[in-house]
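Everything below concerns the one structure shown next.
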Amino acid sequence: MQKINIFDTTLRDGEQSIGVNLNELEKLEIAKQLERLGVDIMEAGFPASSKGDFQAVQTIANSIRNSSVTGLARAHKQDIDIAWDALKDSVEPRLHIFLATSPIHMTYKLQKTPDEVLASAVEAVKYAKQKFPQVQWSAEDASRSDKWFLVKIITEVIKAGATVINLPDTVGYSTPAEYGNLFTFIQQNVPNIDQVILSAHCHDDLGMATANSLAAIENGARQIEGTINGIGERAGNAALEEIAVALHIRNDFYKAKTGLKLNEIKHTSQLISKLTGMVVPGNKAVVGANAFAHESGIHQDGVLKEASTYEIITPELIGVSSNSLVLGKHSGRHAFKQKALELGFELTPEKLKEAFDSFKALTDRKKEVTEDDLFTILADKQTEQINVKTYELQNIQVQYGTNNVPTATVVVKAPDGRFLEEAATGAGSVEAIYNTLSRMIDEPIELMDYKLQSIGSGRDALADAYVKVKYDGIESGGRGSAQDVLEASARAYLNAVNRVIVQEEIKKERLHV
């Protein structure tokens, strides 16, 4: 049974999804959960891309101890130096250098000849190897590259010190047969290929990312790159949970396994969905809400008689709970803290108290508090910035009728401590609330996206709202949870604004330091 290394790029490639805007606390929380999941390598970001990304990569590298942390770099000495500063104190400093090798990329993007690209790659790997014990080199757009050029450049970067060679299907162009054959060809023709691990990085533009990744494993890849929930640029990346479960269920065929703790998959998927605002489709393989639901009478009958008739994956395998009552209104602080730890949250005493108070308030209004409810409360508190003064929702009242104009009255505590009260109308209740909040905030705000979903089921289910706004010229995503959909919507709007305020304050502090 061969071991396949899992290289998670949720925090780098996944964060490049349109609309995703994670702050440092949220990235750290995701990194801790990825560590609990058991990923071998996590790509924490692109340190040279911005000061914020550098700081997040450095924080994660200094915090994670059971996974190797890596950062992305172009084949530039400056990128490599910045990445070293961010990663040097990690358990195993590792660098990921990429350079395009396809004719279309070399001609139009890089505007370099193949020989110039080869020289740049070798120089970058040699320079990086002076600092990093582990250097991964990626041939960007490998699936559309000339195979013999790949043989030539891979041979030389291995001589220069590369320890991992990645052959990405960067635009999701390849088919499983083609992609698998690429790995076979490289192994047959690169004389020093036995000195490195071969890695696969697939995008899902044609819906074949998981199939292509599995084809790579069949043909010699020993590292698979991807993201949780398959998030990423354009149509996304290969979904790591799908690959890991496929290898587990079909170990008779693939003869390979990962080191992932499969029962952490559900919590990991849930956390990343919540913090990124990217809802997991109900029919998504492995982690979708309907993955274990059976509506057909024939299917239901079969499952009741023998689950394996229609269930090849058990809910317990990936950590799906029965969603029954886990804590009640009489539960104490100790039981609450214990459950928080079970769900992977280590809150500060202050945040734990706030989360417990929110839980107690919810038990007064909700008949059953489920694990999903607790997960939402804990995730909100764990990723909340408490050291910067921001806008706080105090009160909201909406007048609505089918024959009346919706009107919202809102009271907000401003960052300077003043209490602001405004009212405005709108075509609907949410628009009325947002028009009211916009009057209270000095900079203009443009609403770019709005999503609403329920957490769990039933009339008393929590509502989870997500918005994307442009505030003070900066795009920002915000989240809000409450039993009332209008309160959740208001909280999400203010959260998006507050994230910009916090970001600007952090920038000022760093400049001052």
Side-chain angles (χ1 to χ4, degrees), residues 8-37 39 42-46 49-50 52-53 56-57 59-60 203-204 209 225-242 264-282 284 286-289 343-345 372 375-385 448-455 462-470 474-481 488 491-493 495-496 498-500 502-503:
D8 182 281
T9 184
T10 302
L11 291 167
R12 200 276 299 171
D13 211 333
E15 207 212 359
Q16 291 173 203
S17 306
I18 292 175
V20 174
N21 177 27
L22 298 170
N23 62 34
E24 190 176 315
L25 267 179
E26 290 164 339
K27 288 180 180 180
L28 181 59
E29 195 58 33
I30 289 173
K32 287 178 179 177
Q33 182 57 38
L34 291 173
E35 184 181 33
R36 281 188 286 269
L37 178 63
V39 303
M42 66 176 76
E43 190 167 44
F46 188 170
S49 65
S50 69
D53 226 32
V57 172
T59 299
I60 291 168
H203 281 261
D204 207 33
E225 305 184 16
T227 60
I228 301 300
N229 298 337
I231 65 173
E233 285 192 288
R234 304 183 314 278
N237 291 52
L240 290 175
E241 70 278 1
E242 293 178 11
E264 287 288 344
I265 285 176
K266 183 61 179 178
H267 281 161
T268 312
S269 169
Q270 192 176 9
L271 180 70
I272 288 166
S273 175
K274 179 171 180 59
L275 297 186
T276 61
M278 298 193 74
V279 178
V280 176
K284 166 79 171 62
V286 179
V287 292
L343 292 174
F345 294 98
D372 286 345
F375 193 92
T376 296
I377 291 170
L378 293 165
D380 283 343
K381 286 299 174 188
Q382 182 76 313
T383 56
E384 185 179 62
Q385 294 273 11
M448 304 173 73
D449 194 14
Y450 171 80
K451 297 172 188 171
L452 188 66
Q453 65 173 339
S454 68
I455 299 167
L462 284 175
D464 210 14
Y466 173 83
V467 301
K468 182 183 174 186
V469 304
K470 182 175 279 189
I474 301 170
E475 288 188 8
S476 176
R479 306 182 312 275
S481 301
R491 291 190 181 281
Y493 196 79
N495 181 248
N498 288 338
R499 287 164 72 91
V500 177
V502 170
Q503 186 179 328

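Hydrogens, waters and symmetry mates are skipped; everything else that's a heavy atom, side chains included, is used. We're numbering straight along the sequence, starting at 1.
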Check your understanding: Which pair of non-hydrogen atoms, one from Ser269 and one from Val280, has the smallest distance, and what is that distance?
Key -> OG-CG2, 4.0 Å
Practice item. Evaluate the criterion salt bridge (charged side-chain N to carboxylate O under 4.0 Å, His left out) for residue pair Glu242 and Lys284; output intermediate values, then yes/no. Key: CA-CA 10 Å; Glu242 293 178 11; Lys284 166 79 171 62; 2.7 Å; yes
Check your understanding: Does the pair Phe345 and Phe375 meet the rule for a ring-ring contact (aromatic ring centres under 6.0 Å, His included), with working shown?
Key -> CA-CA 9 Å; Phe345 294 98; Phe375 193 92; 5.3 Å; yes
Exercise for review: Keeping the roles fixed (side chain from Thr268, backbone from Glu264), state whether a donor-acceptor pair exists under 3.5 Å.
Suggested key: yes
Practice item. First locate atom CG of Leu271, then atom CD of Glu29, and finally report the distance between them rounded to the nearest 0.5 Å. Key: 6.0 Å
Study note, to complete from the structure: When rounded to the nearest 0.5 Å, the distance separating CE of Met448 from CD of Glu475 is 3.5 Å
Review point. Between Glu24 and Thr59, does any side-chain donor sit less than 3.5 Å from a side-chain acceptor?
Key: yes
Check your understanding: Would a 4.5 Å heavy-atom cut-off, applied to side chains only, mark Ile60 and Lys27 as touching?
Key -> yes
Study note, to complete from the structure: Closest non-hydrogen atoms of Asn237 and Gly232, given as atom of the first, atom of the second and distance, are OD1-CA, 3.5 Å
Review point. Between the side chain of Ser17 and the main-chain N/O of Gly14, is any donor-acceptor distance below 3.5 Å?
Key: yes
Practice item. Could you tell me whether the side chain of Arg479 reaches within less than 4.5 Å of the side chain of Leu275, counting heavy atoms only? Key: yes
Practice item. Using a 4.5 Å cut-off on heavy atoms from C-beta on, say whether the side chain of Gln503 contacts that of Ser476. Key: no
**Study point:** Close side-chain approach of Lys451 and Lys468, heavy atoms under 4.5 Å
**Key:** no
Check your understanding: Are the side chain of Thr276 and the backbone N or O of Ile272 linked by a donor-acceptor pair below 3.5 Å?
Key -> yes
Review point. Going by distance alone, is a donor N or O of one side chain under 3.5 Å from an acceptor N or O of the other, for Gln16 and Arg12?
Key: yes
Check your understanding: Which residues satisfy the side chain to side chain donor-acceptor pair (under 3.5 Å) test with Ser49, sequence neighbours excluded?
Key -> Asp53
Review point. Counting distance only, does the side-chain N/O of Thr383 pair as donor-acceptor with the main-chain N or O of Leu25 below 3.5 Å?
Key: no
Check your understanding: Do Glu43 and Leu11 touch side chain to side chain, with heavy atoms closer than 4.5 Å?
Key -> no
Practice item. Considering only NZ, NE, NH1 and NH2 on the basic side and carboxylate oxygens on the acidic side, decide whether Glu384 and Lys381 come within less than 4.0 Å. Key: yes
Review point. Do Asp8 side-chain atoms and Met42 backbone N/O form a donor-acceptor pair below 3.5 Å?
Key: no
Point to revise | Distance-minimising heavy-atom pair for Ala463 and Ala488 | key: O-CB, 3.8 Å
Check your understanding: So which heavy atom on Ala492 is nearest to which on Val467, and how close?
Key -> O-CG2, 3.4 Å
Check your understanding: Does Glu26 reach the main-chain N or O of Asn23 with its side chain, forming a donor-acceptor pair under 3.5 Å?
Key -> yes
Check your understanding: Got a donor-acceptor contact below 3.5 angstrom from the Asn229 side chain to the Ile231 backbone?
Key -> no
Check your understanding: So, does Thr10 use its side chain to make a donor-acceptor pair with the main chain of Ile228 at under 3.5 Å?
Key -> yes
Check your understanding: Which distance, rounded to the nearest 0.5 Å, do you find between the CD of Glu15 and the CG of Leu22?
Key -> 4.5 Å
Practice item. Examine distances only and state if a side-chain atom of Arg499 and a backbone atom of Asn21 form a donor-acceptor pair shorter than 3.5 Å. Key: yes
Check your understanding: Which distance, rounded to the nearest 0.5 Å, do you find between the CZ of Arg36 and the CG of Leu34?
Key -> 9.5 Å
Review point. Hey, is the main chain of Gln453 close enough, under 3.5 Å, to the side chain of Asp464 for a donor-acceptor pair?
Key: no
